[in-house]
Amino acid sequence: MNPFILLALGLVLIFFEFFLPGAVLGIAGSLFVIASLLIFSYEASSAWVFALYFIFVLVLIYLLFKFALWRIRSTKKDNSFYLGTDQEGYKADVFNTAVVGKRGTATTDLRPAGRILVDGTTYQAISQGDFIPKDTQIIVTGGEGPTLIVKIYHSKDTSYEIPSS
């Protein structure tokens, strides 16, 4: 088998791997490139000739990667499934800080996660470690991500009361 044909086939498969992810084409292409190197080393007249071929293969792989990445970036957004812009300024979902310190009712059992009702709005909530039965009065103590953190409300508990305006 001609090592140059194996090399060309391997490089084409590696190139397609950039656009059809799944590793199958990349692995197959890499095996063809390695087979090309092995066959060329067997047929080479000297170590210098093989060294030049090896450097040639490395340069071709480098240029292939540069070309494939350039092609991905220059593809129109409508024809690509790659993200064309960065996500600078992206914010993950955050909890409603306006309800911290407010009282509500557990609409489901919190063991430790469940749902609560505060000011007529339902929220996801997690208890501070205790089981909270349904219909128990709770107080919102904080939050993490989209989930509120709550504890059982006791009438003597004033540590999270909102000051009156």
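Computation of the quantities below employed the complete heavy-atom set of this structure, encompassing side-chain atoms and omitting hydrogens, waters and symmetry-equivalent molecules. These numbers come from a predicted model, not from an experiment. Note that the numbering runs from 1 along the sequence shown for the chain.
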Colleague: Using a 4.5 Å cut-off between side-chain heavy atoms of Ile, Leu, Val, Met, Phe, Trp and Tyr, which other residues end up in the same hydrophobic cluster as L31?
Modeller: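 Noted: L31 shares its cluster with I27.
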Colleague: State which residues pass salt bridge (charged side-chain N to carboxylate O under 4.0 Å, His left out) with R115; sequence neighbours excluded, sorted by chain then number.
Modeller: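 Partners of R115 by the salt bridge (charged side-chain N to carboxylate O under 4.0 Å, His left out) criterion come out as none, since no residue qualifies.
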Colleague: Going by an N to O cut-off under 4.0 Å, is there a salt bridge joining D119 and K102?
Modeller: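 Between K102 and D119 there is a salt bridge, with a charged N closer than 4.0 Å to a carboxylate O.
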Colleague: Please report the closest heavy-atom contact between A106 and I132, naming both atoms and the distance.
Modeller: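 So the two residues come closest at CB-CG2, 4.2 Å.
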Colleague: Please report the C-alpha distance between K134 and T108 in whole Å, then the side-chain angles of each, then the deciding distance to 0.1 Å, and finally whether the side chain to side chain contact (heavy atoms under 4.5 Å, CB included) criterion is met.
Modeller: CA-CA 5 Å; K134 181 179 178 180; T108 65; 5.7 Å; no
Colleague: Can you confirm whether more than 12 heavy atoms, excluding those of F16, are under 6.0 Å from its CZ atom?
Modeller: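 Not buried by this count: 12 neighbours or fewer within 6.0 Å.
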Colleague: How long is the straight-line distance from CZ of F18 back to CG of L25, given to the nearest 0.5 Å?
Modeller: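 Spacing of CG (L25) from CZ (F18) equals 12.0 Å.
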Colleague: Is the distance between the ring centroids of F67 and F15 less than 6.0 Å?
Modeller: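 Ring-ring flag for F67/F15: true, centres closer than 6.0 Å.
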Colleague: Output all residues satisfying ring pair (Phe, Tyr, Trp, His ring centres under 6.0 Å) with F32, sequence neighbours left out; order by chain, then residue number.
Modeller: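 If we apply the ring pair (Phe, Tyr, Trp, His ring centres under 6.0 Å) test to F32, skipping adjacent residues, there are no hits.
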Colleague: What are the two closest non-hydrogen atoms of S45 and V49, and how far apart are they?
Modeller: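 Shortest heavy-atom contact: OG-CG2, 3.8 Å.
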Colleague: Looking only at non-hydrogen atoms, find the nearest pair between I72 and F19 and report the distance.
Modeller: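 In terms of heavy atoms, the two residues are closest at CG1-CE2, 3.5 Å.
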Colleague: If you compare all heavy atoms of L38 against all heavy atoms of S41, which two are closest, and at what distance to 0.1 Å?
Modeller: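 Heavy-atom minimum between the residues: O-OG, 2.7 Å.
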Colleague: Could you measure the distance from the CD1 atom of I139 to the CD atom of Q128? Nearest 0.5 Å is fine.
Modeller: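 Result: 10.0 Å between the selected atoms.
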Colleague: Hey, are the side chains of L148 and I116 touching, using non-hydrogen atoms and a 4.5 Å cut-off?
Modeller: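 Yes, at least one pair of side-chain atoms sits under 4.5 Å.
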Colleague: Run the salt bridge (charged side-chain N to carboxylate O under 4.0 Å, His left out) test against D109 and tell me which residues pass, sequence neighbours left out.
Modeller: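 Testing D109 for salt bridge (charged side-chain N to carboxylate O under 4.0 Å, His left out), a comparison that skips the adjacent residues, returns R111.
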Colleague: Enter the distance from D135:CG to L117:CG here, rounded to the nearest 0.5 Å.
Modeller: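 D135 atom CG to L117 atom CG measures 10.5 Å (nearest 0.5 Å).
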Colleague: Ignoring hydrogens, what is the shortest heavy-atom contact between F95 and E144? Give both atom names and the distance.
Modeller: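 Closest approach of F95 to E144, heavy atoms only: CD2-N, 3.6 Å.
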Colleague: Under a 4.5 Å cut-off applied to non-hydrogen side-chain atoms, are V140 and I149 in contact?
Modeller: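 Side-chain contact under 4.5 Å: no.
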Colleague: How far does CD1 of I152 sit from CD1 of I138, to the nearest 0.5 angstrom?
Modeller: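 That separation rounds to 10.0 Å.
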Colleague: Side-chain donor-acceptor pair under 3.5 Å between S36 and Y53, yes or no?
Modeller: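 Judged by distance alone, the side chains do pair up.
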Colleague: Taking I34 as the starting point, is it possible to reach I55 by hopping between hydrophobic residues whose side chains are less than 4.5 Å apart?
Modeller: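 Result: no, two separate clusters.
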Colleague: Please table the atom pairs, donor to acceptor, closer than 3.5 Å between any side-chain atom in residues 2-11 and protein atoms at least two apart or in another chain.
Modeller:
from, atom 1, to, atom 2, distance (Å)
N2, OD1, F4, N, 2.9

Colleague: Grab the two heavy atoms, one from S127 and one from L110, that are nearest each other, plus how far apart they are.
Modeller: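 Distance-wise, the nearest heavy atoms are N-CD2, 4.0 Å.
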Colleague: Any chance you could lay out the side chain to side chain contact (heavy atoms under 4.5 Å, CB included) test for I14 and L64, step after step, and finish with the verdict?
Modeller: CA-CA 8 Å; I14 291 171; L64 174 78; 3.6 Å; yes
Colleague: Of all residues at least two apart in sequence or in a different chain, which pass the side chain to side chain donor-acceptor pair (under 3.5 Å) check with Q137?
Modeller: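 Q137: side chain to side chain donor-acceptor pair (under 3.5 Å) contacts with T105.
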Colleague: State, with a plain yes or no, whether a side-chain heavy atom of K151 is found less than 4.5 Å away from one of D130.
Modeller: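 SC-SC contact between K151 and D130 ruled out.
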Colleague: Is there side-chain contact between L52 and W48, with at least one heavy-atom pair below 4.5 Å?
Modeller: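 They are not in side-chain contact.
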Colleague: Counting only heavy atoms not in F65 (residues, nucleotides, ligands), do more than 12 fall under 6.0 Å from its CZ?
Modeller: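 No, because the 6.0 Å sphere around CZ of F65 holds 12 heavy atoms or fewer from other groups.
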Colleague: Can you tell me how far CG of L20 sits from CG of L13, rounded to the nearest 0.5 angstrom?
Modeller: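 Between L13 CG and L20 CG, I get 10.5 Å after rounding to 0.5 Å.
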